[in-house]
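All values derive from a computational prediction rather than experimental measurement.
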Amino acid sequence: MENSTQQVELQIPESSRQISEDDDTINTNQQQQISRRSNKHYGWWFRIFLYIIFLLVGQSAATLLGRFYYDEGGNSKWMATFVQSAGFPILLPLFFLFKSSKNTAFQSREKPSRSSLFLIYLFFGLMLAGDNLMYSYGLLYLPVSTYSLICASQLAFNCLFSLLLNAQKFTALILNSVVIVTISAALLAVHSESDTSTKLSADKYAIGFVCTVAASATYALYLSLLEVTFKRVIKSETFDTILKMQVFPSFIASCACVVGLYASGEIRILTAEMNGFNKGEISYLMTLIWTAVLWQICCIGLLGLIFEVSSLFSNVISTLGLPALPLLAVIFFHDKMDGEKIIALLLAVWGFLSYVYQNYLDDSKAKSSKSEENEATITH
């Protein structure tokens, strides 16, 4: 009897110890899961911040260099179009740094065929070349103020295409962001009428106006179709996917521009254009090279934001850069800075913060719903 009693007494602490160890294991696993989710969350915000920097810096610097090219004697529309896509070779080393994993059967089943990918790259490449060419015509034949005002309308076009193609939900904050950012760009464009006076024929003005409107609509459609392609066709969540969607269409767009240079005869005047460049031949070459590099940096930021958030968000960030250009022009071209330009910049920041706050609310709601689901799973 004494031995059996001792055995029972010994078994009870042993079972309690086992239960305590199991509880510790469960708590440790839960803490590790929470830590992983937190790291993924911070990593997502870091990528978003990096893509925004790429987009704003690349777009602003490339636009300034494009203006520098025209102001100093450049006049080739196809060359201005070519440099917007020809910088893709600098992205090739990134393929070795961001290789996608190929060890899962699920990914291989979900991958589209090579013929489908070729058609996708061909379609987006030709679309990109045509869009860039229309922008070049618009900038050549329109005053900068009118050009900027029409370019700001791409945000409205993107709202329409996001609603039709991407099922984008519009809240009061998103509408506020779109309206405020558009007003900001419009205020800047209308104000610049007093800075520049350009005499143009009615025919050239009409061509520039139609090309810029068409380019803005095409660009908005381009962004929405990219988002659809990422989410429904390619279905791959890697940076390698973003690189491919930039490099291959850019290669096709560059080839189309080379054909355009020869077909239009502009290839024959490039040597004279370089010799007559006001800042010299070296400056001419460096302007074109750095313009090409900066447009590629801009496009990586653009595609990253489409992939991580939405095409509408990428367009809001892109439009945010328009009022920042006067500040850069003050620094590099010694333009005048007045109250209207400052108001335009503040409005753009206000619209941007409204959209960021809406994304914060959506993120918080998603996190709370996930935590409720986890609690319900643990309870049951």
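By the 4.5 Å heavy-atom criterion applied to side chains, Phe88 and Pro249 are not counted as neighbours. With contacts defined as side-chain heavy-atom distances shorter than 4.5 Å, the pair Arg47/Trp44 qualifies. A 4.5 Å side-chain heavy-atom check between Glu281 and Asn275 finds at least one atom pair inside the cut-off. Proximity of Asp131 to Tyr222: side-chain heavy atoms (C-beta onward) are nowhere separated by under 4.5 Å. Two residues are said to be in side-chain contact when any heavy atoms from C-beta on lie closer than 4.5 Å; Leu270 and Met274 fail this criterion. Within the 4.5 Å cutoff, side-chain heavy atoms of Phe124 are placed close to those of Leu225.
In this structure, the side chain of Ser254 engages the main chain of Ser85 through a donor-acceptor pair within 3.5 Å. Formation of a donor-acceptor pair under 3.5 Å by the Glu266 side chain with backbone atoms of Trp78 is found in this model. Put simply, the side chain of Gln59 never gets that close to the backbone of Trp295: no donor and acceptor are under 3.5 Å apart. Checked by atom type and distance alone, the side chain of Asn132 pairs as donor or acceptor with a backbone atom of Leu128 at under 3.5 Å.
Annotation: side-chain hydrogen bond (donor to acceptor under 3.5 Å, both in side chains) contacts of Ser250 (sequence neighbours excluded): Gln246. Under the rule for a side-chain hydrogen bond (donor to acceptor under 3.5 Å, both in side chains), the partners of Ser116 that lie at least two apart in sequence or sit in another chain are Ser113.
Put simply, CD1 on Ile120 and CZ on Phe248 are 12.5 Å apart, with the number rounded to the nearest 0.5 Å. Here Leu285 contributes atom CG and Trp290 contributes atom CH2; the two are 14.0 Å apart, rounded to the nearest 0.5 Å. Atom OH of Tyr69 sits about 9.5 Å away from atom OG1 of Thr291, to the nearest 0.5 Å. In this structure, Leu302 CG and Ile52 CD1 are separated by 12.0 Å, a value rounded to the nearest 0.5 Å. For the atom pair CG of Leu294 and CD1 of Ile90, the computed distance is 8.5 Å after rounding to the nearest 0.5 Å. One finds the CG atom of Leu261 at 5.0 Å from the CD1 atom of Ile267 (value rounded to the nearest 0.5 Å).
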Next on the checklist: Show, in sequence, the C-alpha distance, side-chain angles and deciding distance for Ser283 and Glu72, and conclude whether the side chain to side chain contact (heavy atoms under 4.5 Å, CB included) test is met.
Outcome noted: CA-CA 10 Å; Ser283 179; Glu72 299 300 326; over 6 Å; no
Next on the checklist: Determine whether Met127 and Thr218 satisfy the following criterion, side chain to side chain contact (heavy atoms under 4.5 Å, CB included), listing intermediate values before the conclusion.
Outcome noted: CA-CA 8 Å; Met127 192 176 184; Thr218 303; 3.9 Å; yes
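In this structure, Lys279 is not positioned above the aromatic face of Tyr284 in the sense of NZ or CZ being under 6.0 Å from the six-membered ring centre and within 45° of the axis.
If you run side chain to side chain contact (heavy atoms under 4.5 Å, CB included) between Ile300 and each of Leu50, Leu91, Leu305, only Leu91 comes through.
Each of Ile297 and Phe49 belongs to its own hydrophobic cluster when Ile, Leu, Val, Met, Phe, Trp and Tyr are linked at side-chain heavy-atom distances under 4.5 angstrom.
In the hydrophobic clustering, Val210 connects to no other residue, as no ILVMFWY side-chain heavy atoms lie under 4.5 Å from its own.
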